[in-house]
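Read through the structure below, which is laid out as structure tokens, and then see the notes.
The model shown is predicted, which means the values in this text are computed figures rather than measured ones. Just so it is clear, the values below take in all heavy atoms, side chains as well, and ignore hydrogens, waters and symmetry mates.
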Amino acid sequence: MTKQARNILTLAAYVGFQLITQFGIALIAINRPPLSQMYSDYAVLIIVSTLLLDGLLIFFQKPTKESIQQTVKNWKSLLKKIGGGLLLAAGFILVEGLISLISAPQANSITQNAATTIHHQFWFILIPLLLLPIAEEIVFRKAAVSVLQDELHLNLLVASGLSVCGFAFAHYLIAGQFLIYLIMGLYMQLIYNKWRSLPLNILTHTAINTWPLIILLLSH
């Protein structure tokens, strides 16, 4: 399978994941189960579908055995990525805080729904802190930009910009917020274009997702 085919299948898997997940959520809402059962059904749907998505994405992207072994063995590099991810996340959180002071937005619906679901089903915390960062960084930072460059022959700047807009639009459809995710997508794309390290991007994404969840969970 060619690199272009793997990247196209990666994007198709992500679109299919979104469609199937939204269809499943709609079915749960139509059946109107008791509140505790609804959150349980919702958590199972999201975690199973996201696990399948991550499995497909990793299969399509085919990380080599050598690259995995090198990442594990080179613990100093891994520690640097963890530290770098935390520092980069802190930079974004500072920017987001400044935006909040100007516009005073409430916590978005994605974070609120995740916190509520975690309150009922704690293991759901794997979704925003691990499974979705893996999927979104593979899709938007790597596959989408590669497809736009290879298939449409766009330069890196334009391809990155379109991928960032796609990331923001995907979140806008769910959360109704565009600007903050546009800024986050741009921030994450700049990190990837600079260091070309998916582990660094995933760790940064995870750290960014962590702090609003902690605040909301403590407030429950």
Find out whether the Lys NZ or Arg CZ of Arg6 is both under 6.0 angstrom from the six-membered ring centre of Phe59 and within 45° of the ring's axis. no
What pairs with Asp54 under side chain to side chain donor-acceptor pair (under 3.5 Å), at least two apart in sequence or on another chain? none
Run the side chain to side chain donor-acceptor pair (under 3.5 Å) test against Glu136 and tell me which residues pass, sequence neighbours left out. His171, His205
Who else is in [X]'s hydrophobic cluster (ILVMFWY, side-chain heavy atoms under 4.5 Å, direct or via others)?
X	result
Ile30	none
Tyr172	Val164, Phe169, Leu173, Phe178, Leu182, Leu186, Leu190
Leu19	Val15

Do Gln61 and Thr10 come close enough that some side-chain heavy atom pair is under 4.5 Å? yes
Can you run down the ring pair (Phe, Tyr, Trp, His ring centres under 6.0 Å) pairs that involve residues 14-41, sequence neighbours left out, and say none if there aren't any? Tyr14-Phe140, Tyr39-His120
Check: Ile46 main-chain N/O paired with Ser49 side-chain donor or acceptor under 3.5 Å: yes
Quick one: list whatever passes side chain to side chain contact (heavy atoms under 4.5 Å, CB included) with [X], sequence neighbours left out.
X	value
Ile118	Phe122, Phe124, Ile125, Pro128, Leu213, Leu217
Asn155	Leu157, Val158
Ala144	Leu11, Ser163
Ala5	Met1, Thr2

Glu137 and side chain to side chain contact (heavy atoms under 4.5 Å, CB included): which partner among Leu203, Asn201, Leu57? Asn201
Pairs where residues 143-169 contributes a residue and the test salt bridge (charged side-chain N to carboxylate O under 4.0 Å, His left out) is met, not counting sequence neighbours: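 Found Lys3-Asp150.
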